[in-house]
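In what follows, a structure is listed as structure tokens, so that the remarks can point back to it.
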Protein chains: 2
Amino acid sequence: MFSGTIPAAASPADGVQYLELRNALAARIAAGEWRPGDRLPSERALQVSGQAARGTIREGLAQLEAEGLIYRKDRSGWYVSPAPIVYDPTRWEGFISYVEAQGRAPATETLDAMAIAADAFLAGVFGREAGAPLNLIRRRRYVDDRPVLVEYIVVDVALAPDLLRFSFDQSLTGILKSHYGLAVTRNKVEMQPCALTGREAEALGIKPGLPGLNVVRTSYDAQGRVVEFDREYWRHDAVKISVEARVR
Amino acid sequence: MFSGTIPAAASPADGVQYLELRNALAARIAAGEWRPGDRLPSERALQVSGQAARGTIREGLAQLEAEGLIYRKDRSGWYVSPAPIVYDPTRWEGFISYVEAQGRAPATETLDAMAIAADAFLAGVFGREAGAPLNLIRRRRYVDDRPVLVEYIVVDVALAPDLLRFSFDQSLTGILKSHYGLAVTRNKVEMQPCALTGREAEALGIKPGLPGLNVVRTSYDAQGRVVEFDREYWRHDAVKISVEARVR
DNA sequence: TCCCCTTACTGGTCTGGACCAGATCAAGAC
DNA sequence: GTCTTGATCTGGTCCAGACCAGTAAGGGGA
């Protein structure tokens, strides 16, 4: 009646067609009929083999997508999701070493890097006046050639002058540490399921409205200064949160 | 071009009807036309005012649901979601004090409490042999009369003999501390978006397959013993994760 | 006043079509 | 060999219906 294993038990289906399709496909994926990255049969092919209307087929597929078992590539097909990256926000040593330690291939691409002026919100975050000069970097990060997140990083120009001369396709944490002597000693992280829309959906190449995970991290150094303010939008099926910490 | 505010910008809609409906409803919710807990107009009423097929209306509503702005009560209607509870897994003092501190009304209901034998997985968690006696407690927890999570708690009988004589409609942490001298000093927490199905969906009174958040927590005392193993299934729109911790 | 039963209403599921835009790939042109 | 072109396949969106099961509210009876 209670299993300790991580994935929840499949639903009973109760004669609901789309849940039966969901269970059938989930079973075939679990049996290894398709491997991570493989494409499922097309919706119309599933229609023929399953004897259901296409809308019903799509309901079942959307179900599996919400569970993170499969994902879609626009107008290309449905694919089996790779295993998620395990993410410990209290242990952040940087995306690259993190992903590599899990035997996956990370990559980073800088989309934008520019100077901005602090709005009211960012002024509050950095403890500066509105209009203070900041740097904004927008990056896209990949695991095994699949884009998994876009992030907006804001850094205080006063702590890292002339930051924009660097390339950000590598570790930003490394740049801040080696060139500016900025070391993170404390993180504040907030996470919330969200929908990926607009620019984020576009940057990840997904249909607007798909679920995602919004991670907002504020990093402080030993003097309590804000070293980095970072907002990340993850594909919801690409990440699993794991936290280990002492109780306070 | 970059706002620090927490919710992501709405999608541009691009002439897509269901996204336009989503934006229109989101704007009316943001404007306060409906308050948290209020019921939206019925799908058929929206159909008349919006001149679209019911399937299109439902697509737009499902969109808002995925974003956590609204939720559904089976065959009753669509309702505006209340603000989520902020949850810090490293700071867990117990659900009740936690929710009250945020000005909300918590409640707990025990669904089951029974003796079980450890399977292979649980034996590994507790560092005992398979078949070792454990206690399993299943509870449902509410915020402002709305069920927000179901949880399965496993406690080692060796650490807390005769635990089942207590009522669990109050703080379990308190019982373990005051009657057995068990204090949690370290937590390990894993979180992953999931779909709520079967028993979990039933216990929360929601449609099977809706998104949720699966939280698995292992609590240790100062001697490194497993005090509590806890698996929670949250409504995805009822919780927001916030972690604050030193970097290690 | 209270309870029960009827009834209208609500979302849940499903059908079987339609047209579109982008992805894909093979055949042909250079 | 490389590039272009076109046909085909894919999912994305939308329509207009249908029937079902559970909710909720109102009316009638005790």
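Nothing here was measured: the structure is a model prediction, and the numbers come from that model. To find a chain, count down the sequence lines: A is the first, B the second, and so on, and within it residues start at 1.
Ion pairing between a basic and an acidic side chain is recognised when a charged N comes within 4.0 Å of a carboxylate O; Arg58(B) and Glu43(B) show such pairing. Residues Arg146(B) and Asp144(B) are not paired through a salt bridge, judged by the lack of any N-O separation under 4.0 Å between the basic side chain and the carboxylate.
Atom CZ in Arg54(A) sits about 14 Å away from atom P in dC19(C), given to the nearest Å. The nearest whole Å value for the distance from the NZ atom in Lys73(A) to the P atom in dA21(C) is 23 Å. At whole-Å resolution of the value, CD in Gln47(A) and P in dA18(C) are 13 Å apart. Atom CD1 in Ile206(B) sits about 17 Å away from atom C1' in dG22(D), given to the nearest Å. Following rounding to the nearest Å, Leu61(B) (CG) and dT10(C) (C1') show an atom-to-atom distance of 13 Å. The CG atom of Leu40(B) sits 16 Å away from the C1' atom of dC9(C) (whole-angstrom rounding). Atom-to-atom, CZ of Arg72(A) to P of dT13(D) comes out at 8 Å; the value is rounded to the nearest Å. Taking atom CZ of residue Arg44(A) and atom C1' of nucleotide dA18(C), one finds them 11 Å apart after rounding to whole Å.
The side chain of Arg58(A) contributes an N or O atom lying less than 4.0 Å from OP1 or OP2 of dG12(D). In terms of phosphate contacts, Ser76(A) brings no side-chain nitrogen or oxygen within less than 4.0 Å of OP1 or OP2 of dG22(C). Look at Gln17(B) and you won't find any side-chain N or O under 4.0 angstrom from OP1 or OP2 of dG12(D).
Listed candidates were dT10(C), dC14(D), dG16(C). Nearest to the side chain of Ala53(A) is dG16(C). Here the side chain of Asp74(A) is nearest to one of dG12(D), dT13(C), dA24(D), namely dG12(D). Side-chain proximity of Ala52(B) to dT15(C), dC15(D), dG11(D): nearest is dC15(D). Of the candidate nucleotides dT15(C), dA18(D), dG11(D), dT15(C) has the atom nearest to the side chain of Thr56(A). Distance from the side chain of Trp78(A) is smallest for dG11(D) among the nucleotides dT15(C), dC14(D), dG11(D). You'll find that the side chain of Val16(A) is closest to dT13(C), out of dC20(D), dC15(D), dT13(C).
Gly77(B) comes within contact range of the sugar-phosphate backbone alone, with a heavy-atom separation under 4.0 Å but no base atom that close.
For the residue pair Glu151(A) and Tyr233(A), no side-chain donor N or O sits within less than 3.5 Å of a side-chain acceptor on the partner.
The aromatic rings of Tyr87(B) and Trp234(B) stand perpendicular to each other, their planes meeting at an angle above 60°, with 30° marking the opposite boundary.
Each of Tyr18(A) and Arg39(A) was assigned the nucleotide of DNA chain C with the nearest heavy atom; the assignment lying further toward the 5' end belongs to Tyr18(A).
Within 6.0 Å of atom CZ in Arg165(B), more than 12 heavy atoms from other residues, nucleotides or ligands are found, so the atom counts as buried in its surroundings.
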